[in-house]
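See structure below.
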Amino acid sequence: MRPLPPAFYGRSTLAVAVDLLGRELLVNENGSLCGGRIVEVEAYIGENDPACHAHRGRTTRNRVMYGPPGRAYVYFTYGNHWMLNFVTEREGFPAAVLIRALEPRAGLPTIWNRRRVRREYDLTNGPGKLTAALRITGEDNGASLEGPRLLVGGPCANGEPVARSGRVGVDAGADVPWRFYLANSPWVSSYRRGGRARSAGIPIGSPATS
DNA sequence: GATTGGATCTACT
DNA sequence: GTAGATCCAATCG
């Protein structure tokens, strides 16, 4: 698989987010690969986005987001969970795409071993789940997405319906429709927060309705 | 130095 | 449907 070059990521974050759907994310551990197809993403764009970690300016935690595009921004949250993002836009502008769900395709035995779940769709249908399944941690923060450890490439979703909705798990800026997913994928995250069902998806390209 | 809250998940009721 | 786990980084004193 030929990995996508930094120029792919150095564009508008929303364009990159949609263009990532359907592509493969692989983790190479001593030659053995595990990973899958990206089916759900969210965009976090700039210091004016209240949900973005860069909202309060540059810090030691979010500094990778200010760096060049095409790298992984990995951070720890909720005491248990690593989150995987891909840095986008030009160097100096803090933005990233959060990878929220995968369709596992490579290294299934390894993934099953790491994830103590019963149902297959629970393996990687959430941002904390997929990092646990692929064993992505803070050591991958700042790593290139062209390898050797992290690899992103392959064709984008071709003709599959894509939907968008508000972002999950954030308060400020939750209504901004910057979450994108493959509408027909059973691997999309089902997590709900605060008893509130996630907002229903809107097919991209459909006329705006009131 | 201490406190607080977070881009979540699992288990249990 | 809801609580507990679990810890780092940012913020405040």
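So you know, we letter chains A, B, ... as the sequences are listed, proteins then strands, and number each from 1.
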Margin query: Is the phosphate of B/dA7 approached by A/Arg179 (side-chain N or O, under 4.0 Å from OP1 or OP2)?
Written below: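 No, because none of the side-chain N or O atoms of A/Arg179 sits under 4.0 Å from OP1 or OP2 of B/dA7.
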Notebook entry, point to check: Are any of A/Arg116's side-chain N or O atoms less than 4.0 Å away from OP1 or OP2 of B/dA11?
Noted result: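 For B/dA11, OP1/OP2 do not have a side-chain N/O of A/Arg116 under 4.0 Å.
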Over all strands shown, is [X] touching base, sugar-phosphate only, or nothing at heavy-atom distances under 4.0 angstrom?
X	answer
A/Gly79	base
A/Asp122	nothing
A/Arg115	sugar-phosphate

Please state how far atom [atom1] in [X] lies from atom [atom2] in [N], giving the value in whole angstrom units.
X	N	atom1	atom2	value
A/Arg167	B/dG6	CZ	P	15 Å
A/Phe86	B/dA7	CZ	C1'	15 Å
A/Tyr73	B/dA7	OH	P	9 Å
A/Glu40	B/dT8	CD	P	10 Å
A/His81	C/dA9	NE2	P	16 Å
A/Tyr75	B/dG5	OH	C1'	13 Å
A/Asp171	B/dA7	CG	P	8 Å
A/Trp82	B/dC9	CH2	P	15 Å

Item checked: Which nucleotides of DNA chain C pair, in dot-bracket form (Watson-Crick or G-U under 3.5 Å, | meaning another strand) -> |||||.||||||.
Got [X] and [Y] here, is their nearest side-chain heavy-atom distance under 4.5 Å?
X	Y	value
A/Val39	A/Phe180	no
A/Val168	A/Glu42	yes
A/Leu134	A/Leu25	yes
A/Val97	A/Asn85	no

Out of [options], which has the shortest distance to the side chain of [X]?
X	options	result
A/Val168	B/dA7, B/dT10, B/dT8	B/dT8
A/Val117	B/dT8, B/dT10, B/dG6	B/dT10
A/Phe76	B/dA7, C/dA5, C/dC7	C/dC7

Checklist line | DNA chain B-proximal residues of residues 51-65 of chain A, any heavy atom under 4.0 Å | finding: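 Output list: A/Ala51, A/His53.
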Item checked: A/Leu4 to A/Gly153 - nearest heavy-atom pair and separation ->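 Heavy-atom minimum between the residues: CG-CA, 4.0 Å.
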Next item on the list: Please confirm whether A/Arg11 makes a cation-pi placement over A/Phe8, using NZ or CZ under 6.0 Å from the six-membered ring centre and within 45° of the ring normal.
Entry: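 Yes, cation above the ring, under 6.0 Å and within 45°.
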Margin query: Ring of A/Tyr66, cation from A/Arg58 - is the NZ or CZ under 6.0 Å from the centre and inside 45° of the axis?
Written below: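 Yes, cation above the ring, under 6.0 Å and within 45°.
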Next item on the list: Report yes if a donor N or O on one partner sits less than 3.5 Å from an acceptor N or O on the other, where the partners are the side chain of A/Tyr78 and the base of B/dA7; otherwise report no.
Entry: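 Side chain to base: no pair present.
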Notebook entry, point to check: Checking A/Asn125 side chain against A/Glu120 main chain: does a donor-acceptor pair fall under 3.5 Å?
Noted result: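 Pair absent, no side-chain N/O of A/Asn125 close to backbone of A/Glu120.
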Notebook entry, point to check: Going by atom types only, do A/Arg71 and A/Ser144 share a side-chain donor-acceptor pair under 3.5 Å?
Noted result: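 No, no side-chain donor-acceptor pair sits under 3.5 Å.
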Notebook entry, point to check: With hydrophobic residues grouped by side-chain heavy-atom distances under 4.5 Å, do A/Trp178 and A/Leu21 end up in a single group?
Noted result: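 Same cluster.
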